[in-house]
Amino acid sequence: MSVSPPAAAMLDADDLLALADDALIAAQRLGGWVSLAPVLEEDVALANIALDQLGVARALLTRFGELEGRGRSEDDLAYWRTPAELRNALLVERPDGQDFGVLVVRLLLLSTAQLHRYAALRSVPDPTVAAVLAKAVAEVSYHRDHARTWLLRLGDGTHESHDRVQRALEAEWPYLAELLTPQTGATVRGQLADDIAAATLVVPSEPDDPTPYAGGREGRHTEHLAPLLATMQEVARAHPGAVW
Amino acid sequence: MSVSPPAAAMLDADDLLALADDALIAAQRLGGWVSLAPVLEEDVALANIALDQLGVARALLTRFGELEGRGRSEDDLAYWRTPAELRNALLVERPDGQDFGVLVVRLLLLSTAQLHRYAALRSVPDPTVAAVLAKAVAEVSYHRDHARTWLLRLGDGTHESHDRVQRALEAEWPYLAELLTPQTGATVRGQLADDIAAATLVVPSEPDDPTPYAGGREGRHTEHLAPLLATMQEVARAHPGAVW
Amino acid sequence: MVTAITSEAPREPDSFRALLAADERVEPRDEMPETYRRTLIRQIAQHAHSEIIGMQPEGEWISRAPSLRRKAILLAKVQDEAGHGLYLYAAAETLGASREELLDALHTGRQKYSSIFNYPTLSWADVGAIGWLVDGAAIVNQVPLCRCSFGPYARAMVRICKEESFHQRQGFEILHTLAHGTPEQHAMAQDAVDRWWWPSLMMFGPPDDASEHSQQSMAWGIKRFSNDELRQRFVDMTVPQAEALGLTLPDPDLRWNPERGSFDFGAIDFSELYAVIRGDGPLNRQRIAHRVGAHERGAWVREAASAYEAKRTARRAEREGATA
Amino acid sequence: MVTAITSEAPREPDSFRALLAADERVEPRDEMPETYRRTLIRQIAQHAHSEIIGMQPEGEWISRAPSLRRKAILLAKVQDEAGHGLYLYAAAETLGASREELLDALHTGRQKYSSIFNYPTLSWADVGAIGWLVDGAAIVNQVPLCRCSFGPYARAMVRICKEESFHQRQGFEILHTLAHGTPEQHAMAQDAVDRWWWPSLMMFGPPDDASEHSQQSMAWGIKRFSNDELRQRFVDMTVPQAEALGLTLPDPDLRWNPERGSFDFGAIDFSELYAVIRGDGPLNRQRIAHRVGAHERGAWVREAASAYEAKRTARRAEREGATA
């Protein structure tokens with residue numbers, strides 16, 4: 001698989017948190033799919049992908065906490081921040097209405113963006129982060145393959161599946177931009193265009209106004225993040241200071 | 001409307017809390033329907049019913065807190081108890097899947113049971129509780145009329161609506177028992193049987209084993225109460241000690 | 001559209017002109033120009049749609065209101081909004097537009113609702129900010145409509161305005177409590193005001209020099225003041241209230257102008273307004289999907305109600321036939 | 001059923017009898033009595049169904065796990081359960097029963113799953129209690145199945161048992177942390193154990209004198225120990241672990257019997273077991289509705305996958321034809 005060449009890799013604390021939160025919230029949404037997949041093999045695969053994303057989230061949150069120097073653990077960061085303190089892109093927090101087509105499209109966009117971002121950052125000076133991302137490149141490359149295989153099946157399957165996945169693509173596409181950087185944007189868009197064409201689907205046009213599709217990096221989220229966090233944080237917050 | 005005759009009215013603290021929690025959780029579920037009703041008039045009616053139930057819940061929780069003497073306010077009781085500390089019957093905590101037939105059936109069972117319970121308790125020695133329930137009798141009598149009218153329309157409407165509301169009746173019926181007392185049971189069941197017959201529907205048979213349909217009065221709830229409370233308590237619990 | 005209206009203007013019936021000249025109310029049975037009727041239907045429908053779509057962003061918070069008292073107040077408020085929708089659809093029906101047809105126009109995007117509801121409601125403080133600013137702006141917009149030339153609309157507005165001012169006070173009270181609460185509550189209130197201030201200014205529509213429909217609506221007594229006049233009135237009303245709240249309005253150019261006897265304020269980024277109005281944003285889609293979903297899930301209920309009504313009518317006719 | 005099996009027993013093929021006598025494995029291509037095949041399909045299917053229905057009560061808590069480490073462990077556990085379901089459906093397929101057909105039997109209630117999953121999962125501590133007690137009981141039940149006479153089932157069980165013992169240890173660890181945590185956490189753990197203890201004892205089935213299928217299954221090498229023997233083994237294994245946890249098992253009659261070298265325990269209320277097994281309870285309906293809902297919502301996906309496969313095969317055939 002071709003990935004962007006390593007370049008002068010830059011990663012500040014905000015970027016680190018953004019990557020961690022993308023993975024954290026993606027894992028949370030994916031975890032909600034377990035026992036709801038269309039075939040049993042897919043329950044296994046989605047749990048696996050959720051586990052990978054969660055693993056990256058935990059490692060990066062831990063590292064962020066160390067660098068921040070305020071003594072916050074991965075759990076302090078996951079369970080005790082408010083929605084406005086999270087830095088994930090909007091794509092991962094949106095509910096999917098238990099629609100497998102939406103799940104597939106969203107996973108394809110996320111994993112392709114993550115793949116090239118992680119690959120570009122494998123050479124950051126921070127050895128912990130570099131090691132986490134080097135391992136994660138292999139994982140998200142698998143996630144991408146998995147999503148792409150499903151995109152093919154759905155896009156080139158039945159009329160119904162073609163229409164459904166095209167509609168999902170139209171709905172999710174505007175959120176892609178927030179996951180890209182100047183360094184990765186062209187490669188990611190190029191690969192996705194190839195995937196979409198191979199699946200006999202059409203690349204959606206860009207929104208006239210991209211503003212409402214981004215904001216997570218500055219803590220401006222959709223109405224959906226607060227309920228997601230309320231569920232995730234419910235038990236932990238009912239027992240402040242407890243160990244689990 | 002005929003209601004059970006006032007008799008030697010007994011009401012201990014547990015009963016008071018049970019009545020309060022039935023109304024509280026019913027109001028919470030009804031509040032979730034606003035903007036989702038099949039016609040706009042029904043959005044108004046459901047909000048109205050939710051408000052009535054909430055009003056009773058607030059008054060009874062406040063009174064329970066006074067009698068308990070531990071200084072707990074209505075909000076302490078609503079926002080800071082755990083699921084096992086709630087005493088509502090299981091009927092009111094079950095999700096309705098946004099199915100209006102389920103809503104109607106559940107409201108009919110609840111309001112009929114409440115009507116006769118409240119009527120019987122209007123003569124309790126506690127003047128606060130007696131006054132609250134005297135007012136509430138008129139309110140739940142309206143709720144009952146409202147639900148009954150819809151039961152007629154759905155039962156004697158189309159084939160589809162007949163089947164759907166009969167199915168809802170089968171699903172909810174076993175939960176009725178937990179709302180009844182020896183004093184009210186026969187009257188409530190009699191009235192409901194009349195309503196059901198008038199709507200060209202069939203009274204469901206009793207479950208072979210009633211155990212799994214009760215337990216709320218002892219704090220044994222379904223899996224659905226914890227998420228309901230998590231949503232309800234989310235904001236309040238994020239700000240301990242705050243005033244709203 | 002402007003051209004069409006202008007070119008038709010001369011064909012106004014005399015009785016209609018006389019009513020307007022005397023500042024009396026046009027009633028449904030009075031003669032009126034077709035464009036007057038259509039303009040009113042469009043405006044009343046958009047207003048009704050705004051009430052029912054407006055239930056959604058606040059409705060989300062009924063389940064999460066942080067005290068039972070606030071939950072009750074919010075439930076009552078959202079109930080009022082449904083009620084306002086009912087009055088307004090009824091007013092539109094007097095002009096010959098059925099509620100079903102108007103709802104269909106909303107669901108298919110042919111008619112709009114106020115774009116203010118395409119901003120997300122992110123915290124409990126947003127419920128306060130919507131009450132204080134959005135309902136505040138609505139009142140300023142609507143009070144003059146209580147004297148609108150079309151009787152049913154004017155009468156609906158009288159009722160609505162009374163309730164709206166109640167809502168506005170409740171919103172103010174929510175923010176006041178937050179602003180004087182914990183530091184986190186204060187920050188939540190300030191954040192909400194920061195996000196809602198500019199959108200609420202945009203609720204008065206484009207600046208007067210860019211407003212398409214205003215002139216004809218003025219002549220017809222549907223509109224009494226220009227967009228910019230109403231906006232200024234809102235700013236003048238709101239700035240002292242913000243001070244009373246101890247919250248800052250996010251406009252560094254906001255200052256008292258003793259010569260004008262009004263507050264000056266910064267330039268509004270209307271390009272954002274137009275983007276939101278175009279209605280291709282994700283929240284617009286979400287609001288309409290919510291509405292259409294509820295409508296579709298309710299189809300079997302509406303069908304049952306009609307079938308039941310039909311059976312009842314038939315049975316009554318049968319009984320009456322039998323006893324006749 | 002018992003009569004039918006007994007009357008057919010003499011018709012067992014010699015090769016089959018020889019394999020059993022030598023305690024060797026029967027493989028799918030070996031000759032076997034039809035009732036042996038049907039008994040195994042029923043048992044393996046019920047086991048597979050239990051794995052996939054068992055994902056639900058714990059799956060609910062993936063979203064709410066109180067630490068990220070616990071969330072990861074729970075995700076991995078529920079994933080294992082899906083994997084176990086896959087092995088087991090595959091084992092049943094070697095006997096000629098398709099997964100589709102078995103799932104249909106589950107969805108329509110013709111086949112059952114373990115009734116333990118018809119108890120609600122009310123708190124985070126339940127995740128611990130399920131791991132410790134339910135998986136603990138499952139292991140005691142399943143370890144002998146690793147020597148089951150049917151090869152594919154025995155081999156699936158070897159893999160499954162290894163993972164289950166891992167899950168059991170994780171459940172124990174969750175409860176241990178809670179039991180040594182805050183008073184609220186301790187109470188939560190005790191409450192969960194109070195609710196799960198008796199149901200887990202019932203997982204071994206009715207008492208030996210009331211068990212219908214046991215004798216034939218013993219003779220066929222599908223079952224190695226009686227229900228009561230396995231139950232006793234579980235109790236003897238679990239009581240010392242409860243002491244190590246600092247939690248109480250809700251049975252006042254539980255005490256060490258030095259003569260038997262085992263723990264005595266109170267009488268089990270089997271009427272409750274039968275009520276739950278009958279499967280007309282609300283949680284049974286909820287679990288099946290969840291499963292059927294997911295299956296139906298996934299129908300278009302499965303259709304698309306088949307259509308795509310068919311197209312691909314056709315295209316390959318065309319290409320090969322063209323180049324031939």
Side-chain angles (χ1 to χ4, degrees), chain A residues 24 27-48 50-51 54-55 57-58 61-62 73-75 77-79 98-101 104 150 152-162 164-165 228 231-239 241-244, chain D residues 48 51-72 74-83 85-86 89 99 103 123-124 174 177-178 180-182 184-185 188 290-291 293-295 297-312:
Chain A
L24 177 67
Q28 180 71 4
R29 283 276 180 230
L30 286 162
W33 268 88
V34 172
S35 84
L36 290 168
V39 286
L40 197 48
E41 286 81 355
E42 199 57 24
D43 279 311
V44 177
L46 292 179
N48 207 28
L51 268 170
L54 184 57
R58 293 178 63 193
L61 285 176
T62 300
S73 69
E74 60 176 54
D75 286 336
L77 290 163
Y79 291 94
Q98 300 185 355
D99 183 322
F100 190 72
V104 164
W150 271 114
L152 275 176
R153 290 185 188 131
L154 300 180
D156 196 14
T158 63
H159 284 301
E160 184 192 359
S161 70
H162 178 92
R164 286 182 73 139
V165 77
L228 179 149
T231 301
M232 182 169 119
Q233 299 172 338
E234 170 196 341
V235 180
R237 288 193 171 208
H239 301 267
V243 172
W244 302 96
Chain D
E51 294 284 356
I52 65 167
I53 295 291
M55 295 164 74
Q56 289 181 35
E58 293 177 292
E60 273 296 301
W61 290 92
I62 293 173
S63 301
R64 297 184 270 165
S67 80
L68 296 185
R69 180 171 148 263
R70 292 288 176 205
K71 191 191 286 283
L74 185 56
L75 250 172
K77 179 186 175 184
V78 180
Q79 181 187 28
D80 283 348
E81 288 164 359
L86 283 175
Y89 286 121
R99 199 204 297 182
L103 281 178
S123 79
W124 170 250
I174 287 175
T177 308
L178 295 176
H180 296 81
T182 66
E184 289 78 20
Q185 286 179 303
M188 193 194 281
H290 177 108
R291 201 29 248 156
H295 193 73
R297 275 195 305 281
W300 70 276
V301 176
R302 292 189 301 276
E303 281 159 25
S306 318
Y308 177 75
E309 247 357 277
K311 282 187 201 175
R312 229 168 55 137

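All values below come from the heavy atoms of this structure, side chains included, with hydrogens, waters and symmetry mates left out. To find a chain, count down the sequence lines: A is the first, B the second, and so on, and within it residues start at 1. All values reported here derive from a predicted model rather than from experimental measurement.
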Student check: side-chain heavy atoms of [X] and [Y] closer than 4.5 Å:
X	Y	value
D:H290	A:L36	yes
A:L77	A:L24	no
A:V104	D:V301	no

For this session: For chain A, find which of D:H295, D:E309, D:R297, D:E303 contributes the most heavy-atom pairs closer than 4.5 angstrom.
Result: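 Of D:H295, D:E309, D:R297, D:E303, D:R297 has the most heavy-atom pairs under 4.5 Å with chain A.
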Problem set entry | Heavy-atom pair count under 4.5 Å with chain A, highest-scoring of D:Q56, D:H180, D:E81, D:K71 |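 Option with the top pair count is D:K71.
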Find the one option among [options] whose heavy-atom pairs under 4.5 Å with chain D are most numerous.
options	value
A:E41, A:E74, A:R164	A:R164
A:V44, A:L154, A:V243	A:V44
A:G32, A:A238, A:A236, A:G241	A:A236
A:V235, A:T158, A:D99, A:L51	A:L51
A:Q98, A:H162, A:H159	A:Q98

Problem set entry | Salt-bridge present (A:D156, D:R312; N to O < 4.0 Å) |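 Salt bridge flag = no for D:R312 with A:D156.
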Relative to chain D, which segment of [X] carries a heavy atom at a distance below 4.5 Å: side chain, backbone, both, or neither?
X	result
A:A78	side chain
A:L152	both
A:R237	neither

Exercise. Measuring heavy-atom distances to chain A, does D:T182 have an atom under 4.5 Å in its side chain, in its backbone, in both, or in neither?
Worked result: side chain
For this session: Can you tell which part of D:L178 gets under 4.5 Å to a heavy atom of chain A, answering side chain, backbone, both or neither?
Result: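 The side chain, not the backbone.
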